[in-house]
Amino acid sequence: MQNQSRREIVRSYGHIEGHHLSAGYTAIENSETEAASQTQQPFQSLLASPAATNNGAHGTTATFVLAVALAVLGLATAQLQNGFYKGKCGANDVEAIVQGVVKARFSREPAVVAHLLRLQFHECGVNGCDGGLLIDGPGTEKTAPPNLSVKGYDLIADVKTELERRCPGVVSCSDIEILATRDAVSLAGGNAYTVRTGRRDRQQSKAGDVNLPGPESTVAQATAFFGKLGLGQMDMVLLLGAHTVGVTHCSAIKSSRLYSYGGKVGATDPSLDPYYAFVYKNYVCPNKPSSDGNIVFLDDQWSALKVDKSFYKMLQKRRGVLSVDQNLYGHGAPTRWMVEMLANTDNFSWLFPKALVKLSEVNVLTGTQGDIRKVCNKFN
């Protein structure tokens, strides 16, 4: 996937506060506008009304083509809708039930927001948001190495149990995942947002399908992965912002960043802030096997349970823990300006939910596709 221009991103997300990050941006924007107008000119006639064309037949054909295109696009998305479950669970409010269970868990375990954000990414990043990750058993997505440390399954099961008690066979497990994550983000200080529902659960789950970006992925590798999901670089930078509430373990960074950078014994990643490298090597992740399981916060530990922009400020200070994160702010990285914008404005608060919504609608099943599971960890 090609790098997204700032103009493309602004067009996609709407006005972004403080996106003019360089003195030359106005000139870039003007040149992009001129180029775009030249490129799009041949297509503008296709959208013209019959009265505006020299040939009425051509105009009629163009209108027909446009109508068909719009109909197809509408068909692809119409079955996901806001309030899909309204009136489908008797007098019960499905989304309020989900929110109640999540709120109760969050009050006891605030870290559940990190669990659910990771669950949604690992779910939707493999065959779409279809509940495949929830299935137990040998050879399922849950057993793939990247998913062995995923948590939050028990909360999804608790929500499903309560909904099945109220209205059996109505609410999909894949919708529960998306709704629960939405509610946890809001409880952790993120902006409240709406999600469309109506997903169905896939009758397939294979460990071999799991191919997620790793902690050492380059910007190009991560961009390619998100591109396959239909998501751009800004979506990628925003979704990696979920690490604002994340943690990892020393085993994930000891070799790649602290003690064997670039395959050289004893070498430390020069992109890591020297003071943080000193702290990690001497106190958090000393070079011995017993430290492998020690927890490392992916954001400032005082902000580790809050959904905020602090993560991007850490990248500016070269304090990103995982290479895949710090690479976003590397010299010459096409995503560097995005990190700058998110760190120095309040845009993350409203852009992050938009990216989560886009992720939540990747390759979903709707209508008569798939089914509604009775329990989330087993096929019907």
Side-chain angles (χ1 to χ4, degrees), residues 3 111 114-115 117-118 121-122 125-126 142-151 207-208 210-228 233 236-237 239-304 310-336 338-339 343:
N3 297 332
H115 302 162
L117 280 167
R118 188 163 185 244
F121 175 67
H122 283 235
V126 179
K142 190 180 289 188
T143 67
N147 292 333
L148 295 178
S149 57
V150 173
K151 300 178 181 179
V210 178
N211 183 24
L212 297 164
E216 300 173 31
S217 295
T218 64
V219 171
Q221 290 168 336
T223 298
F225 171 81
F226 281 90
K228 291 177 182 178
Q233 280 186 324
M236 173 183 76
V237 175
L239 291 170
L240 285 174
H243 288 168
T244 184
V245 290
V247 299
T248 189
H249 296 92
C250 289
S251 58
I253 63 171
K254 286 170 68 173
S255 176
S256 62
R257 304 211 71 192
L258 299 179
Y259 301 109
S260 300
Y261 174 75
K264 295 179 61 177
V265 177
T268 301
D269 187 343
S271 71
L272 179 61
D273 173 66
Y275 173 71
Y276 262 52
F278 172 82
V279 170
Y280 289 148
K281 293 170 76 171
N282 288 277
Y283 300 104
V284 184
C285 304
N287 196 16
K288 51 187 180 182
S290 60
S291 73
D292 285 357
N294 291 354
I295 288 177
V296 183
F297 293 99
L298 299 181
D299 193 359
D300 186 301
Q301 69 178 91
W302 308 115
S303 177
S310 174
F311 167 77
Y312 299 102
K313 291 186 172 293
M314 295 288 284
L315 299 187
Q316 287 181 313
K317 298 174 182 177
R318 296 167 54 200
R319 295 176 178 177
V321 176
L322 302 177
S323 295
V324 67
D325 292 339
Q326 192 59 53
N327 288 341
L328 299 177
Y329 197 66
H331 291 294
T335 51
R336 186 180 176 95
M338 301 177 195
V339 173

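Computation of the quantities below employed the complete heavy-atom set of this structure, encompassing side-chain atoms and omitting hydrogens, waters and symmetry-equivalent molecules.
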Q | Shortest non-hydrogen contact between C250 and S291, atoms and distance | A | CB-O, 3.1 Å
Q. Taking the side chain as C-beta and beyond, is there a heavy-atom pair between R118 and S149 under 4.5 Å?
A. yes
Q) Which of these, L117, L298, T248, sits in a side-chain contact (heavy atoms from CB on, under 4.5 Å) with H243? A) L298
Q | Close side-chain approach of V237 and Y312, heavy atoms under 4.5 Å | A | yes
Q | Minimum side-chain heavy-atom gap N327-T335 below 4.5 Å | A | no
Q. Which heavy atom in S256 sits nearest to a heavy atom in Y261, and how many Å separate them?
A. O-CD1, 3.4 Å
Q: Can you run down the salt bridge (charged side-chain N to carboxylate O under 4.0 Å, His left out) pairs that involve residues 325-335, sequence neighbours left out, and say none if there aren't any?
A: none
Q.
I'd like to know if the side chain of R318 and the backbone of Q326 have a donor-acceptor N/O pair within less than 3.5 Å.
A. no
Q) Any side-chain heavy atom of T223 within less than 4.5 Å of one from T218? A) no
(Q) With rounding to the nearest 0.5 angstrom, report the CZ to OG distance, F225 to S217. (A) 9.5 Å
(Q) Regarding D299 and T244, do their side chains bring together a donor and an acceptor under 3.5 Å, going by distance alone? (A) yes
Q: Could you tell me whether the side chain of M338 reaches within less than 4.5 Å of the side chain of M236, counting heavy atoms only?
A: no
Q) With a 4.5 Å limit on heavy-atom distance, are the side chains of F297 and V321 in contact? A) no
**Q.** Pair F226 + F121: ring centers closer than 6.0 Å
**A.** yes
Q | Qualifying salt bridge (charged side-chain N to carboxylate O under 4.0 Å, His left out) pairs with a residue from residues 252-278, counting only residues at least two apart or across chains | A | K254-D292, R257-D269, D273-R319
(Q) Under a 3.5 Å distance rule, please check whether K313 uses its side chain to pair with a backbone N or O of A343 as donor and acceptor. (A) yes
Q: Could you pull out the closest heavy-atom pair between I253 and L322, with the gap in Å?
A: CG2-CD2, 4.1 Å
Q: Kindly indicate whether the side chain of V219, heavy atoms from C-beta on, has any atom under 4.5 Å from the side chain of Q233.
A: yes
Please tabulate, for the side chains in residues 275-289, all donor-acceptor contacts under 3.5 angstrom to protein atoms that are two or more places apart in sequence or on a different chain.
{"unit_1": "K281", "atom_1": "NZ", "unit_2": "T268", "atom_2": "OG1", "d": "2.8"}
{"unit_1": "N282", "atom_1": "ND2", "unit_2": "F278", "atom_2": "O", "d": "2.8"}

